[in-house]
Amino acid sequence: PNQFDAPLEWYFAPPSLLNIPPFRKDLSTFIVPTTVTTTLDGYPPTAVNPSGLFQLSRPANGTGGRVQGIGVGYQHALRFLPKPLDGLGVAVNYTYADSKTPIANPLGGGTLPLVNLSRDTVNLVGYYEDSDFTLRVAYTYRSKFLASVDSAALGGPKYQDAYGQLDASASVNVSDRIRFTFDATNLTKQFVRQYNGTTNRLTLAMVNDTRYSAGISLAF
């Protein structure tokens with residue numbers, strides 16, 4: 001693909017940064033998950049499936065895509081605060097990405113965007129770190145995106161609704177050779193929703209429960 005980036009960066013304090021990276025990418029090819037209704041060789045109609053039709057999901061090759069947009073990122077380590085607060089920091093970034101492909105909408109109304117690409121993405125991070133302890137809390141949000149291109153008979157293009165998730169992680173250095181780690185994923189237990197065409201044609205609603213994990217690292 002042809003790619004153009006022109007980032008503007010300002011390192012206003014160590015280690016702190018403000019950056020604005022506009023971008024454009026012209027894609028010669030890309031992968032499109034598709035679902036169609038079709039017959040399969042060797043599987044004639046039966047009493048259970050009198051039509052002889054199956055729903056077949058498979059990847060397909062797309063050509064001629066384009067994505068362009070701009071991002072804004074801000075990271076600031078608050079080293080000017082008195083100890084022990086000087087380990088605090090924040091990081092924020094936002095990305096706007098507009099995409100186009102030649103893939104026709106099976107329901108009509110123009111063409112579709114790139115699969116799995118949200119127009120708006122936001123990351124908000126607060127952290128604390130010193131030589132012995134780190135703590136990080138992060139919220140990630142993405143606007144709705146195209147999940148797959150289903151045929152008109154199956155309801156048309158499938159979208160996943162906007163989604164936000166809160167995660168946390170921590171680590172403690174017990175010694176120069178031993179470190180304990182802890183991670184928590186999806187603390188807010190956000191739902192995942194998918195629909196065909198419009199939000200009132202729901203095809204999937206599920207929640208990934210909060211997951212916790214702990215570990216130990218040993219250096220020899």
Does the plane of the ring in His76 sit parallel, tilted or perpendicular to the ring in Phe12? Use 30° and 60° as the thresholds.
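Perpendicular, since the angle between the ring planes exceeds 60°.
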Tyr43 and Phe54 aromatic ring geometry - parallel, tilted or perpendicular at 30°/60° bounds:
perpendicular
Expected output: side-chain [X] to main-chain [Y] donor-acceptor under 3.5 Å:
{"X": "Thr35", "Y": "Asp150", "answer": "no"}
{"X": "Asp130", "Y": "Thr134", "answer": "no"}
{"X": "Ser118", "Y": "Asp120", "answer": "no"}
{"X": "Asn173", "Y": "Ser175", "answer": "no"}
{"X": "Asn196", "Y": "Gly156", "answer": "yes"}
{"X": "Thr210", "Y": "Asn186", "answer": "yes"}
{"X": "Tyr128", "Y": "Pro84", "answer": "yes"}

Do Arg193 and Tyr195 form a cation-pi contact, if we require the NZ or CZ to be under 6.0 Å from the six-membered ring centre and within 45 degrees of the ring's axis?
no
Of the non-hydrogen atoms in Phe133 and Ala170, which two are nearest, and what is the gap between them?
CE1-CB, 4.5 Å
Between Tyr11 and Glu9, do the side chains contain an N or O donor and an N or O acceptor separated by less than 3.5 Å?
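Judged by distance alone, the side chains do pair up.
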Distance only, no hydrogens: is a donor on one side chain within 3.5 Å (strictly under) of an acceptor on the other, for Gln160 and Gln194?
yes
